[in-house]
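One structure is given below, encoded as C-alpha cells.
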Amino acid sequence: MPELPEVEIVRRGLERVFARGPIARVEQRRHALRFAFPEGFAKRLAGRRVQSLRRRAKYLIADLDDQQALIMHLGMSGSFRVERAAEPSSLHHPLRVDRAHDHVVFHLDGGIRVIYNDPRRFGFMSLALRADLSSHPLFAGLGIEPLGPDMSAAALAAALSGRKAGLKSALLDQRTIAGLGNIYVCEALHRAKLSPLRAAGNLVAATGKPKPALVRLKAAIQEVLRDAIDAGGSSLRNHRQTDGSLGKFQHSFRVYGREGEACAAPGCRGRIVRIVQAGRSTFFCDACQK
DNA sequence: CTGTGTTCCTGTTCGC
DNA sequence: TGCGAACAGGAACACA
C-alpha cells in the first residue's frame with residue numbers, strides 16, 4: 001500500500017499524537033509480522049517518549065528518549081489509526097476496520113491508542129540504537145531520498161549510469177532511489193514522457209552527465225510526490241490519514257489503474273496500456289512516453 | 001555486480 | 001450466488 005507520500009502522511013499524523021506524551025505501555029499481539037519482533041519489544045518501549053518521528057524512504061523512525069530508535073515499515077497493507085477512550089468506534093473510517101489484524105497497540109496517557117493494523121503482515125517493527133542507524137542493514141544500501149537535499153539529476157545520473165534494466169525496474173529498486181513504489185514510478189514516468197521500457201542507463205550521457213530527459217524525470221518525480229503529499233496520499237484500499245480520512249491523490253492518477261483509457265497528456269491521442277515488468281504491472285501511454 | 005523470479009500473507013475483484 | 005484464479009501499494013532472498 002504505502003509509498004513515500006502515504007508514509008509521510010502517516011508520519012505527520014503520528015508525530016502529533018506521540019508529542020502528547022510518553023508511551024505508557026505497548027500491547028504486542030503477535031510474535032512476528034514479516035520479521036520477529038525484537039526481544040523485549042513491548043517492555044523496551046514502555047515509558048519511553050518519542051522525541052521525533054522521522055521518515056527515510058518508506059520507513060518511519062521514532063527517536064526515543066533513551067538512545068533507541070523504533071523502526072517501522074508498513075509493507076503492503078499496514079496502517080495506523082488513532083483512537084481515544086471516548087470514541088472507541090470508528091465513525092471516522094469510511095470503510096470498516098478489521099480489528100482481527102490489529103497487531104500492535106501503543107497506549108498513551110488519557111486513553112489514547114495508536115493501533116497498527118496489517119492484514120498481510122508484510123510490515124515490521126524493529127529497535128536499534130540511534131547511533132547505529134546509518135550503518136544499519138535496512139538503511140545502509142538505500143538510494144537517494146527523492147525529496148531530500150541530495151536529490152538531483154546528477155545524483156540520479158550516477159545511480160543509473162550503465163544500468164541496462166528498464167527505467168521502471170530501476171526506479172522501483174530502492175538502492176537507486178528510495179521511496180518510490182509501483183504507483184508513483186508509473187505516474188512520474190508519464191509526467192516525464194519517458195517509456196518504462198527504456199534502458200535506465202540511456203538517460204545518462206557518455207560524459208556521465210544527465211541527459212535532458214533525466215532532468216525532466218527528476219522534476220517529475222519530485223512534482224508527483226509533492227502533489228500526492230498535498231492530497232493526503234493515495235487511498236486504494238488501506239491507506240488512511242491517521243484521523244481516518246481518505247487520501248485524494250488516487251483521483252489524480254494519469255496512468256495507474258487506467259488501462260484502456262485515453263491518455264490525459266495534452267494533445268496526445270494514445271491510450272493507456274498495461275504490461276508486466278519484473279512481475280509488477282506497469283501502466284503507460286506508448287504514444288507519448290518515449 | 002546486475003537483473004529477474006519467488007516468496008512471505010490475506011483480502012478483493014474478475015471471469016465463468 | 002458460488003468458486004477458483006488473478007491480482008494487490010513491498011522488498012528480502014536465491015539464483016542465472
Side-chain angles (χ1 to χ4, degrees), chain A residues 1-10 29-36 55-60 71-80 95-103 116-126 136-143 158-188 196-202 204 224-225 228-229 231-241 246-253 255-260 274-283:
Chain A
M1 150 203 175
E3 305 182 30
L4 187 154
E6 291 73 38
V7 177
E8 176 61 22
I9 291 299
V10 171
R29 298 182 175 170
R30 302 188 64 92
H31 166 70
L33 294 173
R34 175 166 194 175
F35 306 120
R55 178 189 57 72
R56 168 71 168 117
K58 301 171 197 169
Y59 292 92
L60 291 169
I71 301 164
M72 298 178 281
H73 194 291
L74 304 178
M76 288 274 251
S77 60
S79 66
F80 281 98
L95 304 180
R96 85 189 149 73
V97 175
D98 185 356
R99 292 171 188 278
H101 301 295
D102 288 351
H103 304 307
Y116 179 69
N117 181 287
D118 187 354
R120 292 176 75 177
R121 304 203 300 275
F122 286 170
F124 62 90
M125 296 189 187
S126 187
H136 194 285
L138 291 171
F139 300 106
L142 285 181
L160 296 178
S161 177
R163 301 274 297 270
K164 298 216 167 84
L167 259 183
K168 163 75 182 310
S169 304
L171 295 177
L172 264 187
D173 185 340
Q174 303 297 297
R175 295 168 299 187
T176 309
I177 181 168
L180 301 179
N182 210 27
I183 292 176
Y184 296 105
V185 166
C186 291
E187 293 297 318
L197 296 164
R198 184 159 160 178
N202 181 263
V204 183
V224 75
L225 294 177
I229 291 170
S234 303
S235 291
L236 292 187
R237 9 190 127 218
N238 298 293
H239 173 64
R240 292 292 121 75
Q241 308 193 48
L246 292 164
K248 296 183 173 60
F249 194 70
Q250 65 278 13
H251 304 304
S252 300
F253 290 169
V255 290
Y256 188 84
R258 307 192 87 94
E259 182 179 13
R274 172 182 173 274
I275 62 172
V276 175
Q277 286 179 283
R280 314 286 303 276
S281 287
T282 296
F283 298 90

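Naming: A, B, ... by sequence-line order, numbering from 1 per chain. Fair warning: this is a prediction, and the values are worked out from it, not measured in the lab.
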*How far apart are the C-alpha atoms of A:S281 and A:R274, what are their side-chain angles, what is the distance that settles it, and do they pass the side chain to side chain donor-acceptor pair (under 3.5 Å) test?*
CA-CA 6 Å; A:S281 287; A:R274 172 182 173 274; 2.9 Å; yes
Short side-chain N/O contact from [X] to OP1 or OP2 of [N], under 4.0 Å:
X	N	value
A:H101	B:dT10	no
A:S77	C:dA8	no
A:R163	B:dG3	yes
A:R121	B:dT10	yes
A:R280	C:dG10	yes

Nearest to side-chain heavy atoms of [X], which nucleotide of [options]:
X	options	answer
A:F35	C:dA12, C:dA8, C:dG10	C:dA12
A:A165	C:dA11, C:dC7, B:dG3	B:dG3
A:Y59	B:dG11, B:dG3, C:dA12	C:dA12
A:R120	C:dA12, B:dG3, B:dC9	B:dC9
A:K164	B:dG3, C:dG10, C:dC7	B:dG3

*asked:* Rounded to the nearest 0.5 Å, what separates atom CG in A:L142 from atom CG in A:D173?
replied: 10.0 Å
*State the CG-CE distance between A:L60 and A:M125, to the nearest 0.5 angstrom.*
9.0 Å
Spacing between [X] atom [atom1] and [N] atom [atom2], to the nearest angstrom:
X	N	atom1	atom2	answer
A:R175	B:dT2	CZ	P	7 Å
A:K168	B:dT4	NZ	P	11 Å
A:M76	B:dT12	CE	C1'	13 Å
A:R34	B:dT7	CZ	C1'	8 Å
A:H103	B:dT10	NE2	P	9 Å
A:R30	B:dC8	CZ	P	15 Å
A:H136	C:dA11	NE2	C1'	15 Å
A:D118	C:dG10	CG	C1'	11 Å

*Which heavy atom in A:C186 sits nearest to a heavy atom in A:F283, and how many Å separate them?*
SG-N, 3.6 Å
*Could you check which nucleotide pairs with B:dC9 in any of the strands shown, counting Watson-Crick or G-U wobble with both distances under 3.5 Å?*
none
*Pick base, sugar-phosphate or nothing for A:Y184, based on heavy-atom distances below 4.0 Å to the nucleic acid.*
nothing
*May A:F122 be described as stacking on the base of C:dA11, applying a 5.5 Å centroid limit and a 30° limit on plane angle?*
no
*Pick the nucleotide of DNA chain C nearest each of A:G279 and A:L138; which residue has the one closer to the 5' end?*
A:G279
*Could you tell me whether A:H251 atom NE2 has more than 12 heavy atoms of other residues or ligands within 6.0 Å of it?*
yes
_What's the gap between B:dT6 and C:dA6 when it is taken at their P atoms, as a whole Å value?_
14 Å
*Taking the side chain from A:R55 and the backbone from A:A57, do they hold a donor-acceptor pair closer than 3.5 Å?*
yes
